[in-house]
Amino acid sequence: MMLIPTHHFRDIERKPEYLQPEKCVPPPYPGPAGTMWFIRDGCGIACAIVTWFLVLYAEFVVLFVMLIPSRDYVYSVINGTVFNLLAFLALASHCRAMLTDPGAVPKGNATKEFIESLQLKPGQVVYKCPKCCSIKPDRAHHCSVCKRCIRKMDHHCPWVNNCVGENNQKYFVLFTMYIALISLHALIMVGFHFLHCFEEDWTKCSSFSPPTTVILLILLCFEALLFLIFTSVMFGTQVHSICTDETGIEQLKKEERRWAKKTKWMNMKAVFGHPFSLGWASPFATPDQGKADPYQYVV
């Protein structure tokens, strides 16, 4: 794998024998085009299932405890539409973040034939990942869960059962944003519902018995408050990381900046696509990154 411009290879080891290409087997035959990316990690799969369960629980309480029994038809329709739209976008963003290749480097490509095909110039440096036996581009890090090197890896998130990297960071940011929004919306509706039930007869403000209604609302309130704080912090952290063009791992390791500095707006467009549009907020719009980063990888 070659990086353009060529002087941006990571300066780790200049001895060609360090690569030890004879210890690498040729990369496996690539799967058919459009093969779904999915990490078979038990913890990550469990966390993803829990995420969907919590969103569907919120849907159940909002619809069947608060909105459907309400006698205010306009209030129920407006809030039901907004909440369901946000929940749908949150789950769609979760699926895209989980099932999108985050930017995996081809595994096992550090073979003698491949290195010779790069036609490296004198003094040009490449780095082989000893764990997945691949030529490691600049700003790529190895994930022990995905068992691959990931370009611009920010972190591995068990809640989406995937790494957050170059190709799926947009969907992860949207996921945290929409989860924060539905959490805030749920908290506001729970507050209004409690006020309404205190003024009215508890038996008339829900289809369930008063004790069951209170328990369901308290659980939803606790869930919404917890995830509002967590996802808001994560959303802010991700936006800051994008604006500074420095991943979470690079910040943690305090790595020296070896890449060109760009404006915050250019960094945002590099993740969400060119040009600015409503597609930035859509998990179904794949960002056009053709002009986002001048340092392209050529396989």
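Given the structure is predicted, the values throughout are model-derived calculations rather than measurements.
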Interatomic distance, [X] atom [atom1] to [Y] atom [atom2] [nearest 0.5 angstrom]:
X	Y	atom1	atom2	value
Cys146	Met153	SG	CE	7.0 Å
Met189	Met66	CE	CE	4.5 Å
His193	Thr213	NE2	OG1	6.5 Å
Lys131	Cys143	NZ	SG	9.5 Å
Asn79	Ile188	CG	CD1	9.0 Å
Glu166	Asp154	CD	CG	12.5 Å

Is there a side-chain contact between [X] and [Y], using heavy atoms and a 4.5 Å cut-off?
X	Y	answer
Phe83	Leu63	no
Asn167	Arg151	yes
Phe230	Ile179	no
His141	Glu250	yes
Lys264	Met268	no
Val145	Asn161	no
His185	Val82	yes
Asp245	Met266	no

Would [X] end up clustered with [Y] when hydrophobic side chains under 4.5 Å apart are linked, directly or stepwise?
X	Y	value
Met177	Leu89	yes
Leu54	Phe172	yes
Leu228	Val173	yes
Phe175	Ile150	no
Phe53	Phe227	yes

Are the ring centres of Tyr75 and His196 closer than 6.0 Å? no
Compare every heavy atom of [Y] with every heavy atom of [X], then report the nearest pair and how far apart it is.
X	Y	answer
Leu86	Leu181	CD1-CB, 4.1 Å
Pro158	Cys47	O-CB, 3.2 Å
Ala285	Gly279	CB-O, 3.6 Å
Val55	Ala87	CG1-CB, 4.3 Å
Leu99	Phe38	CD2-CD1, 3.7 Å
Gln238	Val164	OE1-CG1, 4.0 Å

Would you say [atom1] of [X] has more than 12 non-hydrogen atoms from neighbouring residues, nucleotides or ligands within 6.0 angstrom?
X	atom1	answer
Phe284	CZ	yes
Leu195	CG	yes
Tyr57	OH	yes

I'd like to know whether Glu223 forms a side-chain contact (heavy atoms from CB on, under 4.5 Å) with Leu219, so could you lay out the CA-CA distance, the side-chain angles of the two residues, the decisive distance to 0.1 Å, and finally the verdict. CA-CA 6 Å; Glu223 174 196 339; Leu219 289 176; over 6 Å; no
Give the intermediate values and the outcome of side-chain contact (heavy atoms from CB on, under 4.5 Å) for residues Leu187 and Cys221. CA-CA 6 Å; Leu187 279 174; Cys221 187; 3.6 Å; yes
Does a side chain donor of either Thr286 or Arg96 reach within less than 3.5 Å of an acceptor in the other side chain?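 Arg96 and Thr286 do have a side-chain donor-acceptor pair below 3.5 Å.
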Using only heavy-atom distances, determine whether the side chains of Trp52 and His94 contain a donor-acceptor pair under 3.5 Å. yes
Full working for side chain to side chain donor-acceptor pair (under 3.5 Å) between Asn168 and Trp37: CA-CA 11 Å; Asn168 68 342; Trp37 173 274; over 6 Å; no
[X] (side chain) donor-acceptor with [Y] (main chain) under 3.5 angstrom:
X	Y	value
Trp159	Ala48	no
Ser70	Asp72	yes
Asn267	Ala270	no
Ser134	Lys136	no

Below 30° counts as parallel, above 60° as perpendicular, anything between as tilted: where do the rings of Phe60 and Phe208 land? perpendicular
Step by step, would you call Cys132 with Lys147 a side-chain contact (heavy atoms from CB on, under 4.5 Å)? CA-CA 7 Å; Cys132 59; Lys147 296 180 175 59; over 6 Å; no
side-chain contact (heavy atoms from CB on, under 4.5 Å) between Ile249 and His155, intermediate numbers included: CA-CA 7 Å; Ile249 291 181; His155 68 287; 5.5 Å; no
